[in-house]
2 protein chains.
Amino acid sequence: MLDDRKKRILQAIVDEYVSTAEPVSSSCITKKKGLDYSSATIRNEMSELEKSGYLEKTHTSSGRIPSVKGYRLYVDELLKEDNISIDEIKFIKEKLQTKVNQIEDLMKIATNTLSEVTHYTTVAIGPKVTKQIIQEIKFVLLGSRMLMVVILTDTGMIKETIINFEEDVYENQIQTINLLFNKKLQGKPLEQINEPLEEYFYNEMESSANMIKAIIDQLNKLIYEETKLYLEGTNKSFDLPELRKAETARNFINILENKTEVVDLLDSEFAKDINVYIGEELDDENLKDFSIITLKGEDSELGTIGIIGPKRMNYSKVISVMRYIQNLIDQGGI
Amino acid sequence: MLDDRKKRILQAIVDEYVSTAEPVSSSCITKKKGLDYSSATIRNEMSELEKSGYLEKTHTSSGRIPSVKGYRLYVDELLKEDNISIDEIKFIKEKLQTKVNQIEDLMKIATNTLSEVTHYTTVAIGPKVTKQIIQEIKFVLLGSRMLMVVILTDTGMIKETIINFEEDVYENQIQTINLLFNKKLQGKPLEQINEPLEEYFYNEMESSANMIKAIIDQLNKLIYEETKLYLEGTNKSFDLPELRKAETARNFINILENKTEVVDLLDSEFAKDINVYIGEELDDENLKDFSIITLKGEDSELGTIGIIGPKRMNYSKVISVMRYIQNLIDQGGI
DNA sequence: GTTTAGCACTCAAACCAAAAGACTGCTAAA
DNA sequence: TTTAGCAGTCTTTTGGTTTGAGTGCTAAAC
């Protein structure tokens, strides 16, 4: 579709614009390696790239900036995925090596690392818990009125919660409950904890009926509590020149405030591996000047991470770093 | 020191400046209730207030803005503590009523509420855990290689952590460990978990020595992990006109990045009840254009909350809301 | 056919001067 | 003690000019 030279020019323009945030002139491209034509030649090429929709001008006599279509081509075909330095590799390795016990901690660290290395705002949602299979449930009496319930799932994830009772609870009650819950719920997915025990709610074993109900209620809260959201590096974004513009800044604040949209995006089954969404590609007024890159773990128990940056984001760097982190997590097991 | 009229004028100026962020002119004050003198009279008064250091000018012919000394007087003597609307009371009550099981959750909700109502950035640190007394320790085996340790303290706080072992762990080992830990550690403050068990690290009961050490190591991590920090509403702050200025914005970002300074402040024993720190009163270059208001729970198990806003912060509103939340928490027990 | 030098043209940004406007401070009268 | 009135100060606004970076096009060179 585009000949090789045009592609190389487009690539050079994107790279330049990503780093300077200023419209790119023909003479600037002249200086790039492998493109030492006269500015007039480049000008002609740029003019054609604009006609086919890959470039835009901010005003008649300005340099060019990439259009969404231009960024798209760049991301799909031209981008180098090795844009990561030794120092960065070292830094990432070190941070991810921290021994963690729970996937949640890993997500937190990964989110933080990604934001530190890329300097963009990073957001993540934890793994979906509803489909996981209950392997074992433990009850721990704390003091005389607090009961901790711990659930271990087949993937090794641990969820726990605490229930406060108005009256004293006794060990033998706990043992009965323990037997009952494990018998009825082991092997069931978390989302199905309700029916198997409903019959006991208003049943003969009155003494424990209230307790059972209270526990189930609390577990439901635990399972359906808002998806846990990790957010890092929002402040860094306010250094971006695009956020000088009041309107763009407002939009960015809106995005962070109504996180739901971002969560929906991260959550969508559409997202697989690494995905790039550029500006208007996402049909959201607030997001029109931003791009989002998402990373979903291979086994979906890991949750999804997303980076929000300006359309002029350093796609190459972000994707390289994401790819590296992905590999690290994949080999490392948890 | 200042006569009544001067105080009322100062108060009017602070109130006006807080809401407009523009230097206040003499004629503006004329319109305020109880101050219907001519602008010339007000001008004379303002001139004297400036001479005594309560007001400042941004340039020779501008209106006046309060100085730190001016704000100080306002906060100490002139401020109304009932600046809170019925709607706000309703909103706060509703949010804080959410049943929580753990102090951490309460802190999170309080921080969030405070930020929602005041529109300022709110930061909080959790309660100090090291001094609390161990009441009981429970061990829960999850699967065959994961051990959860739960500690209940005298104040009803619960801390838990998980340890992954390389080899299978057996119930009878856990029972021994359980007995040992509870015998040696009950009644001791959390910060003293090390010595009582050191003798067992390399001791006769070899089989468990490694386990004991691993558990103690992990508990140390838990106890001395960085003080948990809650942060809410940073984005809202970027709407403030003072953050239009690049330098002030930079300072603000710095504050959020090196949270340590804020934590130190919140953590200092100096902070009691409600405290106000205005601009240069805190000897920190980054904070010179900001004020911080802190709220410390009566029983220090609650941690401390701080609000960071511009010097032109709505002291009256913030303090009113804090006071209300404080009362709510105090009566409510946890 | 492709490349390039050269020049006219465009438009944003920088610059400058003048005018307007919002204040104050001071003086003198009420 | 208060206030009307006015001169003086400094910022903000306005409008016009210049500058300069860039383009597009044409015609010559390769």
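Any value given below was found using the heavy atoms of this structure, including those in side chains, with hydrogens, waters and symmetry copies removed. Proteins come first, then strands; the chains are lettered A, B, ... in the order of their sequence lines, and each starts at number 1.
Axis angle, first five pairs versus last five pairs of the helix from C:dG1-D:dC30 to C:dA30-D:dT1: 30°, rounded to 10°.
Backbone-only contact: A:S62 has heavy atoms under 4.0 Å from sugar-phosphate atoms and none from a base.
The side-chain heavy atoms of A:L79 and A:E81, taken from C-beta on, include a pair separated by under 4.5 Å. Under the 4.5 Å side-chain criterion, counting only non-hydrogen atoms from C-beta, B:E88 is in contact with B:K317. B:M313 has its side chain within reach of B:I307: a pair of non-hydrogen atoms, C-beta onward, lies under 4.5 Å apart.
Using a 4.0 Å cutoff on non-hydrogen atoms, the parts of residues 13-37 of chain B near DNA chain C are B:S25, B:S26, ordered by number.
For D:dT2, one of the phosphate oxygens OP1 or OP2 lies less than 4.0 angstrom from a side-chain nitrogen or oxygen of B:R5.
For the residue pair B:Y315 and B:S291, a side-chain donor N or O sits within less than 3.5 Å of a side-chain acceptor on the partner. Side-chain contact of A:E285 with A:N254: a donor-acceptor pair under 3.5 Å is absent, judged by distance alone.
Annotation: B:D283, atom CG; neighbour count of heavy atoms from other residues, nucleotides and ligands within 6.0 Å does not exceed 12. For CG of B:D3, the number of neighbouring non-hydrogen atoms (other residues, nucleotides, ligands) closer than 6.0 Å is greater than 12. Sparse packing is recorded around NZ of A:K80, with 12 or fewer heavy atoms of other residues, nucleotides or ligands lying under 6.0 Å away.
A donor-acceptor pair is defined here as one N or O able to donate and one able to accept, closer than 3.5 Å; such a pair exists between the side chain of B:K57 and the backbone of B:T60. A donor-acceptor contact shorter than 3.5 Å links the side chain of A:S67 to the backbone of A:Y54. Distance alone, capped at 3.5 Å, places no donor-acceptor pair between the A:S115 side chain and the A:T111 backbone. No side-chain donor-acceptor contact under 3.5 Å links A:K69 to the backbone of A:L55. In this structure, A:K245 contributes its side chain and A:T248 its backbone to no donor-acceptor pair below 3.5 Å.
With rounding to whole Å, B:E48 atom CD is found 12 Å from D:dT1 atom C1'. For the pair A:I9 CD1 and C:dT3 P, the interatomic distance rounds to 10 Å; values are reported in whole Å. Here the P atom of nucleotide D:dT23 and the CD atom of A:E56 are 15 Å apart, to the nearest Å. A:E45 has its CD atom 10 Å from the C1' atom of C:dT2, to the nearest Å.
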Using the rule given for side chain to side chain contact (heavy atoms under 4.5 Å, CB included), can you reason through B:T118 versus B:N314, listing the C-alpha separation, both sets of side-chain angles and the distance that settles it, and then say yes or no?
CA-CA 8 Å; B:T118 64; B:N314 193 331; over 6 Å; no
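Residues B:F238 and B:F252 bring their aromatic ring centres within 6.0 Å.
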Just by protein heavy atoms under 4.0 Å, how would nucleotides 24-30 of chain D read 5' to 3' in B, S and -?
BB-----
Please tabulate the protein-to-nucleotide N/O contacts below 3.5 Å involving nucleotides 11-18 of chain D, giving atom names and distances.
none

Polar-atom pairs under 3.5 Å, protein N or O versus N or O of nucleotides 14-20 of chain C: list them with distances, or write none.
none

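Residues forming a salt bridge (charged side-chain N to carboxylate O under 4.0 Å, His left out) with B:R72 (at least two apart in sequence, or on another chain): B:D76, B:E281.
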